[in-house]
Amino acid sequence: MVTNATSFSRSGLSDWIIQRFSAVILAAYTLFILAVLGATPELDYESWRAVFSNNPVRLFSIISLFALCGHTWVGMWTVGTDYLTGRQLGGNGTFIRLIYQSFCVLLIAVYLLWGIQIFWGS
Amino acid sequence: MADAVTLSVDCAHKYIPYATVCYHVKDTRPVNLDLTTFKFPLPAITSILHRISGVALFFGIGVVLYLLQLSLESEAGFEQVTELFRATPAKLVVWLILTGLLYHLIAGIKHLLMDWGLGESREGALRGAQVTLILSLAATVLSWGMIW
């Protein structure tokens, strides 16, 4: 079995499962938010805030946030290891990919902490 | 196969780890990796759009989190977001994000169905790609109507 030091779970099969599992959670959350928006055409601040201060919704939001982080990492990793390679970019490919992956990790960390702050605080 | 090609490229660039074996024999094989000369079938186009929308959404999340935070922060913040949504540039950005999200969602559901074993034949893959594009087009128009 080939393992890769930068893959999410060091295993392609686990990455595959994480991507699918998180996809289902994110699909459910997306449909939920769209349903909320669709059900209340004249949305005001109080009702909008009430949606996110509800405890089950808060839980759903934060679980979806974690799913989002796993999902984006596996996705961005896959794209990076497909296109930012030695074959496509020459000798600097691995270095460029490492910079790209570091940027992705940092942005995902920002999204995670920022998102927790939003959902926990609301 | 891929390893052999990669190795030969590495050899050409002289980035050769001491333990790497160079398969010079493989260098003479005709390899067409020029993507511009490929004819892409419909499932390939829906697949690459899935990737492009995914990468775009990665950055769109920042915009969504910003708007969400502002709208939940205070009454004034909520009004600010409502005000923003009246202007065309913000509408366009939100519409693009929504379009990307709905496309990624629909293509993702197709992907999961194919993982399940549905529509894996040549015809099935084509039909799946067609349905994905039609549903996405409908979702794009719907989200346009929702925002404007």
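A note on names: the letters A, B, ... follow the listed sequences, proteins ahead of strands, and every chain is numbered from 1. This is a predicted model, so every value here is computed, not measured.
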Chain A contacts, top residue of B:L105, B:I61, B:I109 (heavy-atom pairs, under 4.5 Å): B:I61
Leading residue by heavy atom contact count with chain A [cutoff under 4.5 Å; candidates B:G108, B:S74, B:G54]: B:S74
A:Y45 side-chain N/O to B:E79 backbone N/O, donor-acceptor pair under 3.5 Å: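 Checked: no pair found.
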A:Y111/B:F58 under side chain to side chain contact (heavy atoms under 4.5 Å, CB included): CA gap, chis, key distance, verdict: CA-CA 10 Å; A:Y111 285 162; B:F58 183 55; 4.2 Å; yes
Do [X] and [Y] sit in one hydrophobic cluster, given that two such residues count as connected whenever their side-chain heavy atoms are within less than 4.5 Å of each other, even indirectly?
X	Y	answer
A:V105	A:Y83	yes
B:I106	A:L37	no
B:V55	A:L106	no
A:W16	A:V74	no
B:Y66	A:I116	yes

Shortest non-hydrogen contact from A:R49 toward B:L72: NH1-O, 2.8 Å
Closest approach of B:L65 to A:I118 (non-hydrogen atoms, all atoms of both residues):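 Minimum heavy-atom contact is O-CD1, 3.4 Å.
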Value rounded to 0.5 Å, distance of CG in B:L102 from CG in A:L34: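 It comes to 6.0 Å.
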Atom pair CZ/CG of B:F78 and A:L43 - distance to nearest 0.5 Å: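 Atom-to-atom, B:F78:CZ and A:L43:CG are 4.5 Å apart.
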What pairs of donor and acceptor atoms, side-chain ones from residues 42-50 of chain B against any protein atom, are under 3.5 angstrom apart with sequence neighbours left out?
residue : atom : partner : partner atom : Å
B:T46   : OG1  : B:P43   : O            : 2.9
B:H50   : NE2  : B:H104  : O            : 3.4

Chain A neighbours within residues 110-129 of chain B, where any heavy atom lies under 4.5 Å away: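 Within residues 110-129 of chain B, the residues that come under 4.5 Å of chain A (heavy atoms only) are B:H111, B:L112, B:D115.
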Sorted by number, residues from residues 134-148 of chain B in contact with chain A (heavy atoms, under 4.5 Å):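 Those residues of residues 134-148 of chain B which have a heavy atom under 4.5 Å from chain A are B:M146.
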Residue part contacting chain A, namely of B:T82, when any heavy atom lies under 4.5 Å: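 For B:T82, there is no contact with chain A at all, as no heavy atom is under 4.5 Å.
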Residue selection (most heavy-atom pairs with chain B, distance under 4.5 Å) from A:A23, A:C104, A:A27, A:G115: A:C104
Sub-4.5 Å side-chain heavy-atom contact between B:L68 and A:W114: no
For chain B, which residues of residues 51-68 of chain A have heavy atoms nearer than 4.5 angstrom: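 So the qualifying residues are A:F52, A:L68.
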